[in-house]
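Scroll down for the structure; my scribbles are underneath it.
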Amino acid sequence: EMSPKTRAEALGRVAWFFSRATHVDDEIRDRFGRLWDERIAHAQAHPDESQELEGIFWLAKGQAFSSDWWLPRLRAALKLEPSIATERYMISKELAESSKDDPATALAVLKLLLHQRSTGSRVYYDMSRHAVPVVIANAITSGDAELTAEADSFMNELGARGRHTLEDEVRAVIDGAVTIDDV
């Protein structure tokens, strides 16, 4: 029986190798997805072993997996293992890009990544600069009234935490004055 730390290192290493690939065959992608799904289910059943999910962020870093493949898995893992949202995990541009296709899950992941995060941390700064305005703008313009209200509420929460220009930044994204490549 391997320890959760050893499993984390192994899964993270494999995910890192996949993050370097530009293409993964569908069969391999699906098998790898099932492996992560099994590990997430294991962590749900054994919360004291959730550390093994730490390397999942690498799935977002590569070009081989679409956001509809990695984003829900990242969300599930973040709920189980908050340490995924530590300083070394910078996936803000990938998260911003994913919000075009799945604004609800991207907003949920953003909230999990920033939850109780210090405004002075590198993760907070990186997310604030590259993801927050785009993710919130895509949620607001999603056409889903509930998601729009949730995004607006989160924008106000971040404004209360010191992001006083956030509403203007979100408006610039919505108006097309700022694109994902600009942030």
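No experiment lies behind these values; they were computed from the predicted model shown. Below, all heavy atoms of this structure are taken into account, side chains as well, without hydrogens, waters or symmetry copies.
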Is it true that R29 and D26 have a side-chain N and a carboxylate O under 4.0 angstrom from each other?
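So R29 pairs with D26 through a salt bridge.
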So, R34 and E38, do they make that salt bridge, N to O below 4.0 Å?
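Salt bridge flag = no for E38 with R34.
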Can you name the one residue among W69, F32, W70 that meets ring pair (Phe, Tyr, Trp, His ring centres under 6.0 Å) with F18?
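That would be F32; it is the only one of W69, F32, W70 passing the ring pair (Phe, Tyr, Trp, His ring centres under 6.0 Å) with F18.
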Are any of the side-chain heavy atoms of E167 and R171 separated by less than 4.5 Å?
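No, side chains not in contact.
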So L35 and V14, do their side chains get closer than 4.5 Å, heavy atoms only?
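Counting from C-beta outward, V14 and L35 never come under 4.5 Å.
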Kindly say whether [Y] contributes a backbone atom to a donor-acceptor pair with the side chain of [X] at under 3.5 angstrom?
X	Y	answer
S99	A106	no
S142	A139	yes
S3	T6	yes
E49	A43	no
R73	I56	no

Verify side chain to side chain donor-acceptor pair (under 3.5 Å) between S83 and E54, making sure each step is shown before the conclusion.
CA-CA 7 Å; S83 72; E54 287 181 345; 3.0 Å; yes
Using 0.5 Å steps for rounding, measure from the [atom1] atom of [X] to the [atom2] atom of [Y].
X	Y	atom1	atom2	value
D68	D101	CG	CG	7.5 Å
K100	T141	NZ	OG1	12.0 Å
E52	R39	CD	CZ	4.0 Å
L158	M127	CG	CE	12.5 Å
E81	I40	CD	CD1	12.0 Å
H130	E97	NE2	CD	14.0 Å

For the student: nearest non-hydrogen atoms of [X] and [Y], plus distance:
X	Y	answer
L53	I84	O-CD1, 3.6 Å
R163	S128	NH1-CB, 3.0 Å
S98	L71	OG-CD2, 3.6 Å
L107	L147	CD2-CD1, 3.7 Å
R161	L114	NH1-O, 3.7 Å
I140	A151	CG1-CB, 3.8 Å

Assess whether side-chain contact (heavy atoms from CB on, under 4.5 Å) is satisfied between L11 and W36, documenting all intermediate values.
CA-CA 8 Å; L11 287 167; W36 276 104; 3.8 Å; yes
Could you check whether the rings of W16 and W58 sit parallel, tilted or perpendicular, using 30° and 60° as the cut-offs?
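Judged by the thresholds at 30° and 60°, the geometry between W16 and W58 is perpendicular.
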Once the angle between the rings of H42 and H46 is folded into 0 to 90°, is it parallel (under 30°), tilted (30 to 60°) or perpendicular (over 60°)?
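It falls in the tilted class, 30° to 60°.
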Working note: V178 + E169, criterion side-chain contact (heavy atoms from CB on, under 4.5 Å); need CA distance, chi angles, decisive distance, verdict.
CA-CA 8 Å; V178 173; E169 294 169 45; over 6 Å; no
Have a look at L74 and tell me which of V109, L59, L95 forms a side-chain contact (heavy atoms from CB on, under 4.5 Å) with it.
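In the set V109, L59, L95, the residue that makes a side-chain contact (heavy atoms from CB on, under 4.5 Å) with L74 is V109.
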Applying salt bridge (charged side-chain N to carboxylate O under 4.0 Å, His left out) to E9 and K5, what does each step give before you reach the verdict?
CA-CA 6 Å; E9 290 170 3; K5 183 178 180 356; 3.0 Å; yes
Show your reasoning for whether side-chain contact (heavy atoms from CB on, under 4.5 Å) applies to L113 and L78.
CA-CA 8 Å; L113 288 169; L78 276 166; 3.9 Å; yes
